[in-house]
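Step one of this worksheet: look at the structure below.
No experiment lies behind these values; they were computed from the predicted model shown.
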Amino acid sequence: MQTDEFLDVLVRHWHNLRQAQSSPTSFAYVHYEWYYDDGVLKTKQWYDYNPHEPYRQREHKVYVNRWNDAIILETNDAADTIWTASNNGWVGKTDPDWKHPKGYTVKTKATLDKSGVFATDDRGWDKDGNLLWGSNKGPFVFEQCDTR
């Protein structure tokens, strides 16, 4: 599996302006940037109203699994994401074997479309089943904020 095409589509600045405007009570206006810094793939996320204070920043290692059928985004202190090819791009999901240090259940489902749509449904529940983060309203749908 080739990672170059996947990363070429993923690594950019994304935002969910259209979604936030059409459903402001359900979705905050969020920016999600994938970028390289000193050769390391990084992400940061921030609310549009507060661009200088990201609420999440992470570093990722990228590799192809031993069967050469999935791209793995290994993330420190978070669940790895397993990406497989689809007709229009890639589909990602949380590594089912990953365990949160606090015993939370974490599930991520994501799609990355070659046409420039990145949707992610990332949720976490405590040991009693209470939703800690994410939305029951559905995935955040991001569009490319820049062009290449």
Side-chain angles (χ1 to χ4, degrees), residues 3-65 70-84 86 88-148:
T3 59
D4 293 344
E5 184 181 12
F6 170 77
L7 292 171
D8 190 51
V9 175
L10 181 67
V11 176
R12 62 190 66 244
H13 181 168
W14 301 87
H15 67 93
N16 72 327
L17 176 61
R18 187 183 319 250
Q19 181 183 47
Q21 287 178 335
S22 67
S23 188
T25 59
S26 298
F27 297 96
Y29 181 18
V30 176
H31 293 260
Y32 199 152
E33 186 174 10
W34 292 80
Y35 62 100
Y36 286 101
D37 185 17
D38 290 329
V40 176
L41 180 61
K42 296 184 178 184
T43 55
K44 64 181 174 181
Q45 293 171 257
W46 66 92
Y47 297 109
D48 187 69
Y49 68 84
N50 199 1
H52 302 294
E53 291 193 31
Y55 64 83
R56 181 180 295 150
Q57 297 182 70
R58 293 190 169 136
E59 294 185 0
H60 311 271
K61 292 179 185 173
V62 182
Y63 63 92
V64 176
N65 71 355
I71 298 168
I72 311 298
L73 293 182
E74 184 179 284
T75 308
N76 291 339
D77 302 325
D80 297 346
T81 309
I82 302 166
W83 291 88
T84 55
S86 70
N88 298 322
W90 300 267
V91 176
K93 65 178 182 176
T94 309
D95 179 348
D97 296 328
W98 186 77
K99 304 293 183 208
H100 192 283
K102 294 184 179 178
Y104 301 155
T105 299
V106 178
K107 291 189 180 178
T108 298
K109 290 186 252 175
T111 57
L112 178 62
D113 191 301
K114 292 178 185 178
S115 68
V117 176
F118 174 47
T120 181
D121 191 355
D122 179 36
R123 299 182 201 187
W125 297 267
D126 67 15
K127 294 175 186 175
D128 297 324
N130 299 307
L131 186 67
L132 298 173
W133 67 83
S135 172
N136 285 323
K137 301 288 184 178
F140 276 75
V141 179
F142 296 95
E143 297 176 9
Q144 294 177 11
C145 193
D146 62 353
T147 59
R148 295 188 180 200

Sorted by chain and residue number, the side-chain hydrogen bond (donor to acceptor under 3.5 Å, both in side chains) partners of N136 (sequence neighbours excluded) come out as R123

With sequence neighbours left out, the residues meeting side-chain hydrogen bond (donor to acceptor under 3.5 Å, both in side chains) with S26 are S23

Across all chains, not counting sequence neighbours, the side-chain hydrogen bond (donor to acceptor under 3.5 Å, both in side chains) partners of T43 are H60

Here the salt bridge (charged side-chain N to carboxylate O under 4.0 Å, His left out) pairs for residues 126-145, sequence neighbours left out, are R18-E143

Taken to the nearest 0.5 Å, the spacing of Y104 OH from N130 CG works out to 10.5 Å

Exercise. With a 4.5 Å limit on heavy-atom distance, are the side chains of V117 and V141 in contact?
Worked result: yes

Would you say that W14 contacts T120 through its side chain, given a criterion of any heavy-atom pair below 4.5 Å between the two side chains? no

NE2 (H13) and NZ (K44) are apart, to the nearest 0.5 Å, by 8.5 Å

In terms of the angle between their ring planes, are W83 and F6 parallel, tilted or perpendicular, with boundaries placed at 30° and 60°?
tilted

Residue set satisfying side-chain hydrogen bond (donor to acceptor under 3.5 Å, both in side chains) with D113, at least two apart, ordered chain then number -> S115

Those residues at least two apart in sequence (or on a different chain) that pass salt bridge (Lys or Arg N to Asp or Glu O under 4.0 Å) with D80 are none

Minimal heavy-atom distance between G116 and Q144, with the atoms involved, is CA-NE2, 3.1 Å

Across all chains, not counting sequence neighbours, the side chain to side chain contact (heavy atoms under 4.5 Å, CB included) partners of V30 are N16, A28, Y47, Y55, F140, F142

Here the gap from R56 atom CZ to Q45 atom CD, rounded to the nearest 0.5 Å, amounts to 4.5 Å

Sorted by chain and residue number, the side chain to side chain contact (heavy atoms under 4.5 Å, CB included) partners of T105 (sequence neighbours excluded) come out as K107, W125

Taking it one step at a time, do L73 and W34 satisfy side-chain contact (heavy atoms from CB on, under 4.5 Å)?
CA-CA 12 Å; L73 293 182; W34 292 80; 3.7 Å; yes

Residues passing the salt bridge (Lys or Arg N to Asp or Glu O under 4.0 Å) test with D37, sequence neighbours excluded, are K42

- Could you tell me whether the side chain of W90 reaches within less than 4.5 Å of the side chain of T84, counting heavy atoms only? no

By side chain to side chain contact (heavy atoms under 4.5 Å, CB included), D48 pairs with (sequence neighbours left out) Y29, H31

Interatomic distance, OG1@T3 vs CG@L10, rounded to 0.5 Å, equals 11.0 Å

Going by atom type alone, with no hydrogens or angles, which donor-acceptor pairs under 3.5 Å involve a side-chain atom of residues 93-100 and a protein atom two or more places apart or on another chain?
unit_1 : atom_1 : unit_2 : atom_2 : d
T94    : OG1    : T108   : N      : 2.4
T94    : OG1    : T108   : O      : 3.4
T94    : OG1    : T108   : OG1    : 3.3
D95    : OD1    : D97    : N      : 2.9
H100   : ND1    : K102   : N      : 2.9

Smallest heavy-atom separation, A110 atom then F118 atom, equals CB-CE1, 4.5 Å

Heavy atoms of F27 and G138 approach each other most closely as CE2-O, 3.7 Å

Heavy atoms of I82 and A70 approach each other most closely as CG2-CB, 3.8 Å

Next item on the list: Please indicate whether K114 has more than 12 foreign heavy atoms, meaning atoms of other residues, nucleotides or ligands, lying under 6.0 Å from its NZ.
Entry: yes

Across all chains, not counting sequence neighbours, the salt bridge (Lys or Arg N to Asp or Glu O under 4.0 Å) partners of R58 are none

Distance col, row D122:CG vs K109:NZ, nearest 0.5 angstrom, shows 11.5 Å

